[in-house]
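Notes follow the structure.
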Amino acid sequence: MHFFKEKLASTLSGLVGIDETTLTDWIEIPPDKQLGDLAFPCFQLAKSLRKAPQTIASELAPKLMEIPFIVKAEAVGPYVNVHLNRKEAVSYWLLQMQDNRDFFTSSTGQNRAVAIDLSSPNIAKPFSMGHLRSTIIGTALANLLETDGYQVFRINHLGDWGTQFGKIIVAYHRYGDVEAIKKHPIQELNALYVRFHEEAETNPVLEDEGRAAFKRLEDGDKETLDLWRWMVSVSLEEFNRTYAMLGTQFTHVLGESFYNDKMAAVVNELSEKNLLTTSEGAEVVMLEEENFPPCLIRKSDGATLYATRDLAAALYRYRDLGATSLWYVVGGEQRLHFQQLFAVLSRMGYSFANDCRHIAFGLMKIGGKKMSTRKGQIVRLQEVLDEAVRRAKDIIDEKNPGLKSADATAKAIGVGAVIFNDLKTHRIHEINFSLEQAVAFEGETGPYVQYTHARACSVLRKAGLLSGLESTSEWVTEPLDGDVMIQPLQELDSLSYELMKTISYFPEVRKRAINEADPSLVAKHILDVSQDFNRFYHEMPILNAAPAERVFRLRLTDATRLTIRAALEILGIEHPVEI
RNA sequence: GCACCCGUAGCUCAGUGGACUAGAGCACUGGCCUCCGGAGCCAGGUGUCGCAGGUUCGAAUCCUGCCGGGUGCACCA
């Protein structure tokens with residue numbers, strides 16, 4: 001649609017003497033499709049022209065009628081509403097898709113590298129529904145950036161270091177049941193962590209023991225280190241099962257411990273740049289000008305902290321990986337930490353600090369309360385996924401018993417439901433976890449979109465245009481030029497036109513989703529496409545239509561298929577051809 | 001106490017400067033399969049857009065204050 005906005009703006013520019021770019025921004029999509037395809041509001045002009053906006057609109061309308069691709073331009077109050085020539089618009093959009101003129105992909109990024117910090121679960125703790133958010137939002141953003149020509153590093157910044165490991169080690173020696181731990185490592189290790197905190201309430205000595213145990217770990221004590229290594233490996237084993245199910249992939253899996261040998265250099269650099277101050281026995285970077293509390297670099301006992309590790313990690317991503325922009329998909333509660341981190345980087349003289357973004361998201365709650373691993377109140381992602389897949393399988397058995405790859409499809413749908421349910425809501429909102437909602441298959445859900453895709457595939461298959469293979473990505477018919485294809489058609493009906501028009505918004509939605517780091521825009525858009533397609537499908541015969549209509553409607557069906565597929569790929573959701 | 005985020009239909013959410021009755025989905029009630037997949041389509045009705053001021057030709061949208069919920073604020077991550 002952007003193309004037609006620009007064309008309209010170009011003509012308007014000559015009429016009102018304002019530059020095209022500004023006018024393009026002013027042009028809107030009318031709230032009701034009955035009103036037209038584009039609307040030009042005349043309020044802004046009223047001041048400079050000293051005329052009522054209504055007057056301006058009625059003067060402008062007849063002049064816009066002269067534009068070839070416009071069939072109707074009428075003043076409605078202070079707006080000029082414009083109706084495009086449907087056949088011309090549709091052939092433009094179909095060709096734009098066919099030639100991929102910045103439709104599914106573009107090259108704005110020019111191969112610049114963005115490092116995205118995502119998922120980042122903690123070792124020895126269950127992978128909860130809470131981690132799902134960072135994982136799938138980060139993945140969707142990475143996918144989005146790749147469609148725009150960026151190189152993306154997907155970095156899983158594992159929480160594999162810190163005092164909590166000392167605590168678990170203490171609890172392990174005190175209360176650990178080796179057999180039970182071998183059977184269900186994460187579950188038992190987490191239980192030990194919970195128990196530690198319960199006991200520590202009445203026995204404060206434990207806290208000191210925990211710190212001491214962590215000190216042994218830092219000092220490289222063999223036995224402690226072996227225990228830690230074992231915790232890391234069993235945790236990763238379990239995480240990887242979940243990642244495999246979600247289809248999540250990383251380019252780098254680098255835990256916090258990876259930066260242990262890079263901390264001294266960071267502290268030195270801060271010191272050389274005269275940024276360190278000693279305060280209350282600790283070394284900090286004062287951030288008074290920025291109005292932030294000091295950023296703790298080194299504890300009074302000499303140990304480094306979270307911020308120090310994140311600085312080392314940021315420098316590693318910038319220097320060693322060559323990333324020019326760093327994104328952090330981390331919960332909103334860490335906002336201050338990232339503000340401080342970016343401020344320190346900036347003070348160190350790194351201009352890439354301006355290209356660092358904290359992509360914050362809201363908490364996942366349960367029963368209106370924050371999940372807490374310490375209190376054992378969490379929802380394990382794996383359990384939710386398993387349940388979703390079970391339910392999907394039941395529905396397949398009932399509705400499509402002959403389906404060949406039923407298990408794989410059930411997985412695609414169940415997992416798709418859970419992912420889509422999360423991604424469709426703006427990331428900043430808190431989510432009160434509801435199993436029924438997460439595994440819903442009807443209405444505005446992932447399965448609804450997948451169903452629509454499968455339905456489109458089914459029609460194309462019956463027309464002999466799709467072999468039913470995943471790899472079929474090319475257009476179903478030979479490329480055609482211009483409006484040749486739809487020339488034989490009579491007037492275009494509204495259902496077909498609205499479907500095509502909605503699809504045509506895809507490139508703008510994709511761009512906006514990148515700029516706002518908001519995958520939910522893609523999810524919402526693909527629901528619109530699906531709804532339009534299902535309405536179209538219900539009303540218009542495709543396979544049994546007259547030849548000219550049949551060709552056009554098949555193309556529209558294929559355009560729908562390709563758009564849903566592209567959107568689901570961005571969201572990290574599978575798109576089976578049959579469900 | 002200070003700072004940030006959120007507050008729209010019974011529930012989950014769109015809309016975040018513009019047009020008339022503020023829109024979807026869920027739930028509830030009715031329709032629709034000799035016809036391309038009923039995980040679908042169609043029809044039914046709900047709102048002090050948290051409250052009060054202000055800015056504006058125009059405010060759910062911007063500003064200020066207040067209320068409610070959440071999160072954060074130096075040696076945890």
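If you check every strand for non-hydrogen atoms under 4.0 Å, Ala39(A) touches a base. Using a 4.0 Å heavy-atom distance criterion, Ile542(A) is classed as a base contact. Counting any heavy atom pair closer than 4.0 Å across all strands shown, Ala454(A) reaches a base atom. Contacts of Pro78(A) with the nucleic acid, taken as non-hydrogen atoms under 4.0 Å apart, are absent. Note on Ser279(A): a base of the nucleic acid sits closer than 4.0 angstrom, heavy atoms only. Among the atoms of the strands shown, base atoms are found under 4.0 Å from some heavy atom of Leu543(A). Nucleic acid contact for Met540(A): base, since at least one base atom lies under 4.0 Å from a heavy atom of the residue. Within 4.0 Å (heavy atoms only), Glu280(A) reaches at least one base atom of the nucleic acid. Counting any heavy atom pair closer than 4.0 Å across all strands shown, Ile396(A) reaches a base atom. Across all strands shown, Ile413(A) has heavy atoms under 4.0 Å from base atoms, whether or not it also approaches the sugar-phosphate. Leu363(A) comes within contact range of the sugar-phosphate backbone alone, with a heavy-atom separation under 4.0 Å but no base atom that close. Nucleic acid contact for Asp532(A): none, since no nucleic acid atom lies under 4.0 Å from a heavy atom of the residue.
Listed pair Lys365(A) / G69(B) fails the phosphate criterion, with no side-chain N or O lying under 4.0 Å from OP1 or OP2. Taking only side-chain nitrogens and oxygens, Lys399(A) never comes nearer than 4.0 Å to OP1 or OP2 of G40(B). Between Arg309(A) and A77(B) there is a side-chain N or O to OP1 or OP2 distance below 4.0 Å. Distances shown here put a side-chain N or O of Tyr448(A) below 4.0 Å from the OP1 or OP2 atom of C41(B). In terms of phosphate contacts, Arg298(A) brings no side-chain nitrogen or oxygen within less than 4.0 Å of OP1 or OP2 of C75(B). The side chain of Tyr537(A) contributes an N or O atom lying less than 4.0 Å from OP1 or OP2 of G37(B). Contact annotation: His429(A) reaches the phosphate of A14(B) (side-chain N/O to OP1 or OP2, under 4.0 Å). The side chain of Arg455(A) contributes an N or O atom lying less than 4.0 Å from OP1 or OP2 of G38(B). Between Ser458(A) and the phosphate of G37(B), there is a side-chain N or O to OP1/OP2 separation shorter than 4.0 Å.
The nearest whole Å value for the distance from the CD atom in Gln44(A) to the C1' atom in U56(B) is 12 Å. As a whole-Å value, the separation of His426(A) NE2 from C13(B) P is 12 Å. Between the CD atom of Gln34(A) and the P atom of C20(B) there is a distance of 16 Å, rounded to whole Å. Remark: C1' of C36(B) and CD of Glu539(A) are 14 Å apart, rounded to the nearest angstrom. One can place CD of Gln339(A) at 8 Å from C1' of C4(B), the figure rounded to the nearest angstrom. Going from atom CD of Gln531(A) over to atom P of A14(B) covers 15 Å, rounded to whole Å. Distance NE2 (His337(A)) to P (A77(B)): 10 Å, rounded to an integer number of Å. In this entry the distance linking CZ of Phe40(A) with P of G18(B) reads 15 Å, nearest Å.
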Does the pair Glu498(A) and Lys501(A) meet the rule for a salt bridge (charged side-chain N to carboxylate O under 4.0 Å, His left out), with working shown?
CA-CA 5 Å; Glu498(A) 291 304 330; Lys501(A) 192 164 80 171; 3.6 Å; yes
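Side-chain atoms of Glu444(A) lie closest to A24(B) of the nucleotides A24(B), C73(B), C36(B). Checked against C36(B), C73(B), C4(B), the side chain of Arg335(A) finds its nearest nucleotide in C4(B). Relative to the side chain of Leu336(A), the nucleotides A39(B), C5(B), G72(B) differ in distance, and G72(B) lies closest. Distance from the side chain of Glu256(A) is smallest to A77(B) among A77(B), C73(B), C75(B). Ranking A14(B), C36(B), A39(B) by closeness to the Phe441(A) side chain, first place goes to A39(B). Closest approach to the Glu442(A) side chain among G70(B), A39(B), C4(B) is made by A39(B) (side chain taken as heavy atoms from C-beta onward). Picking from C4(B), G72(B), A39(B) the nucleotide with the shortest atom distance to the side chain of Glu333(A) gives G72(B). Side-chain proximity of Pro31(A) to the nucleotides C20(B), C5(B), G15(B) is greatest for C20(B). Comparing atom distances between the Leu296(A) side chain and each of G37(B), C75(B), A19(B) picks out C75(B) as nearest. Among the nucleotides C41(B), A77(B), A39(B), the one closest to the side chain of His538(A) is C41(B).
Atom NZ of Lys215(A) has 12 or fewer heavy atoms from other residues, nucleotides or ligands within 6.0 Å.
In this structure, Tyr328(A) has its ring center closer than 6.0 angstrom to the ring center of Phe338(A).
For residues 414-429 of chain A, the set of pairs meeting the salt bridge (charged side-chain N to carboxylate O under 4.0 Å, His left out) definition, not counting sequence neighbours, comprises Arg133(A)-Asp422(A).
Stacking between Phe43(A) and G18(B) is present: the aromatic ring centre lies within less than 5.5 angstrom of the base six-membered ring centre, and the two planes differ by under 30 degrees. Centre separation under 5.5 Å together with a plane angle under 30° does not hold for the ring of Tyr451(A) and the six-membered base ring of G40(B), so they are not marked as stacked.
A donor and an acceptor atom never sit less than 3.5 Å apart when one is taken from the side chain of Thr425(A) and the other from the base of C13(B).
Take the nearest nucleotide of RNA chain B for Phe214(A) and for Leu35(A): the residue whose nucleotide is more 5' is Leu35(A). Taking the nucleotide of RNA chain B with the nearest heavy atom to each of Asn81(A) and Gly162(A), the more 5' of the two is matched to Asn81(A).
Remark: G23(B) base-pairs with C13(B); criterion is Watson-Crick or G-U wobble with both hydrogen-bond distances under 3.5 Å. Under the Watson-Crick and G-U wobble criteria, each requiring two contacts below 3.5 Å, nucleotide A39(B) is left unpaired. Pairing partner, G68(B): C6(B), with both Watson-Crick or wobble hydrogen-bond distances short of 3.5 Å. In this structure G44(B) sits in a base pair with C28(B), meeting the Watson-Crick or G-U test at under 3.5 Å.
A donor atom on one side chain and an acceptor atom on the other are found under 3.5 Å apart for Asp493(A) and Ser496(A). Using a 3.5 Å distance cut-off with no hydrogens or angles, the side chains of Asp310(A) and His337(A) do pair a donor with an acceptor. Between the side chains of Lys167(A) and Thr163(A), no donor-acceptor pair is found at a separation under 3.5 Å. For the residue pair Asp532(A) / Tyr497(A), no side-chain donor-acceptor distance below 3.5 Å is found, with atom types taken as modelled.
With both ends at atom C1', the span from G30(B) to A52(B) equals 44 Å, rounded to whole Å. Separation of the P atoms belonging to C42(B) and C20(B) is 25 Å when rounded to the nearest angstrom.
Classification of the Phe165(A)-Trp228(A) ring pair by plane angle, with boundaries at 30° and 60°, yields perpendicular.
A salt bridge does not link Asp528(A) with Lys524(A): every distance from a Lys NZ or Arg NE/NH1/NH2 to an Asp or Glu carboxylate oxygen is 4.0 Å or more.
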